[in-house]
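What follows is a short report on a single structure.
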Protein chains: 2
Amino acid sequence: MTPQAEIALSDPTLIAPINAAKELFWRQGYDETSIEDVVGATGMNRYALYNAFGGKLELFLAVLENYFVERKNLFLTALSDPQGGPMAAIREVSEYCIIEMTDRGAGCLMCDVAAEVGRYDKAVSERVLSYLEEIRSADEMALTQAEACGELNPAISPKEGAALLIANMLGVGALARNGAGRRELLTLFNSCLRLLGRQGDAQGLQRKRRNPQARTVKQVSN
Amino acid sequence: MTPQAEIALSDPTLIAPINAAKELFWRQGYDETSIEDVVGATGMNRYALYNAFGGKLELFLAVLENYFVERKNLFLTALSDPQGGPMAAIREVSEYCIIEMTDRGAGCLMCDVAAEVGRYDKAVSERVLSYLEEIRSADEMALTQAEACGELNPAISPKEGAALLIANMLGVGALARNGAGRRELLTLFNSCLRLLGRQGDAQGLQRKRRNPQARTVKQVSN
DNA sequence: TCTAAACCAGATTGACCATTCTGGATTTGC
DNA sequence: GCAAATCCAGAATGGTCAATCTGGTTTAGA
C-alpha cells in the first residue's frame, strides 16, 4: 500500500467514499469501473478523488485494504470467542460471506477483483495470499478448539481443515460470480462443514451414539 | 456460441491458432490480451483472424468451447473406465489440472477468464455453469462407483462429494491465480480427497482394519 | 472585508485498442 | 499465361478512459 492510500484509510471523511467505491469494484470489477462511475457513486469530483487517493490504482488499494481489515475483524471477532462453539462460529461467518457474495453475484473482492489487479501489480497478489493466510489461521484456531471438544473429524488436522475451508469459500465465490444460487452454495458449504466435523467420521460417530439413525445433520435454513 | 465460432471449431486448420490464442487468454486474461498479441502468437494476420472468427469475442468463444470439450473429454475418459479405481482416477485428472494451473499461474480458463467475459455476455456465465455441472456429474459418476466399492466416506453422498470436488478445484484455481505454489495446492487437494474417501471416516475405518496405525494416507509425490 | 487557499466542472490531452479500409501482392482455376 | 479471387500489411477510424489542465467559484482565516 502506498503512503497516500494509508493516509486515505485513516481519514474518517473518506470512509463513505471508500465504501461506495468498494461496492462498485466488487460488483463490476476493476477495469469495468471507470473513474466517472466512482465520481457518480461517491459524490466526490475527480479533482478531490485524485487529491485524496492519487489515482485509480491507489484508490483500489485503499478499498482493498479496507475490505481486508473488515474481513479480518469479522473472522477474528467471531472465531476468537465463539459463543455456540467453534464449528457454529465458522458456519456463521461463512454463511454471512456467502450471502454477501450472492447478493452481488460477484464472488470475493479480495480474490476475484484483486486477482485482476494482480496482473498489473504483483504486490497485490502477494497481499492477497498473505491475507488469505491470516484468515486461514483464524479458521485453524477455531478448528483447534473444535478438535479439543471432539468436534473435529479425527481424519484431519486443524491446519488442513482450515485450508480446505478457505479453498471451499474461494470455490463458492467462483460459482457465485458465474451466477450460482444462494441455496445451492449454502448447501455446498454445509457438506464441507459436515465432512470437517465429527459427523464426517460417520462410523466413529455411530459407535458413540445411542441411536445411530440420528446421524443426519442439521441443515441450514436458507 | 455463434454459428461462426462453431464453424471455426470444426476447421482443422484453425486448431493451432485456437490453441495459441487459448494460451494467451489463459495466461493474460481477456482484456489484457490484444488482437495484436493474438496475431503475433498465431501467425495469422488480422484480416484472416477477423475472417475466420468474426471478432475478438467470437474468437474467445471458440477458444472457450475448445477448452470445454477438451476438459470434458479428459474427465469422461479417465472417469468412465478407471483402471486403478475411481478415487485414483479422480486424483489423476485433478492433479493434471493443478499442474496446468500452476504452470501458468492462472487458475482455470473457464472460471476465471470466462467470468471476466461473463460481465459483457451473460450467456458465457450460463455456459460456464452448465459445463461445470457436466464435470460435476462426471465426478459424481466416479464417486458412485467409489461408493459401491466402499471407497466413499459414508457421511456423504456422491452428489455432494462431486460438488465439493468442483468447489475445491475452483478454490485451488483462485489460489493458483494469486501465485500459490504447486506443492501447497496438491497437498490441499489431497486433504479434500482424503475426507471424501473412506479414510475420512477415521473411526469407521479403524474398526475394519487389522492394524489401525496404517491409517495414514499415501501422499502425492510432487 | 479582503486575500489566499481550497474546490469545482468541463474541456483537453494522450494513450490504447478493436475494427475497418485500402491498395498492392499472391495464389488459384482455367 | 491470365483473370479473378484471395490474402496481406500498414494506415486510418472511432471510441473509451485515466489523468491533467484551466479558469472561475467558494470557503476560511485574519
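What you see is a predicted model; the values in this text were computed from it and never measured. Chain letters run A, B, ... following the sequence lines, proteins first, then strands; residues in each count from 1.
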> Are B/Thr42 and B/Leu24 side-chain neighbours, meaning at least one heavy-atom pair lies under 4.5 Å?
Replying inline: no
>> Using a 6.0 Å distance limit plus a 45 degree cone around the ring axis, check whether B/Lys56 lies over the aromatic ring of B/Phe25.
In response: no
>> For nucleotides 3-18 of chain C, give me one character per nucleotide, 5' to 3': B if any protein heavy atom sits under 4.0 Å from the base, S if the only such contacts are to the sugar-phosphate, - if neither.
In response: ----BBBBB------S
> With a cut-off of 6.0 Å (strictly less than), are more than 12 heavy atoms of other residues, nucleotides or ligands near CD of A/Glu92?
Replying inline: no
> Between which nucleotides of DNA chain D, read 5' to 3', does contact with chain B run, using atoms under 4.0 Å from its heavy atoms?
Replying inline: D/dC7 to D/dA11
> Closest approach of B/Ala106 and B/Arg27, non-hydrogen atoms and distance?
Replying inline: CB-CA, 4.2 Å
>> Donor-acceptor pair, distance only, cut-off 3.5 Å: does the side chain of A/Asp37 make one with the backbone of A/Ser34?
In response: yes
>> Looking only at side-chain N and O atoms, does B/Thr144 offer a donor or acceptor that is under 3.5 Å from a partner on B/Glu147?
In response: no
>> Would you compute the distance between atom CG of B/Leu165 and atom CD of B/Glu140 and round it to the nearest 0.5 angstrom?
In response: 11.0 Å
> Of the non-hydrogen atoms in A/Leu188 and B/Ala167, which two are nearest, and what is the gap between them?
Replying inline: CD2-CB, 3.6 Å
Between the protein and nucleotides 27-29 of chain C, list the N/O to N/O atom pairs that are separated by less than 3.5 angstrom.
none

> With under 30° as parallel and over 60° as perpendicular, where do the rings of B/Phe60 and B/Tyr30 fit, or are they tilted in between?
Replying inline: perpendicular
>> Is there a side chain to side chain donor-acceptor pair (under 3.5 Å) between A/Glu184 and A/Thr187? Walk through the geometry before answering.
In response: CA-CA 5 Å; A/Glu184 176 192 346; A/Thr187 303; over 6 Å; no
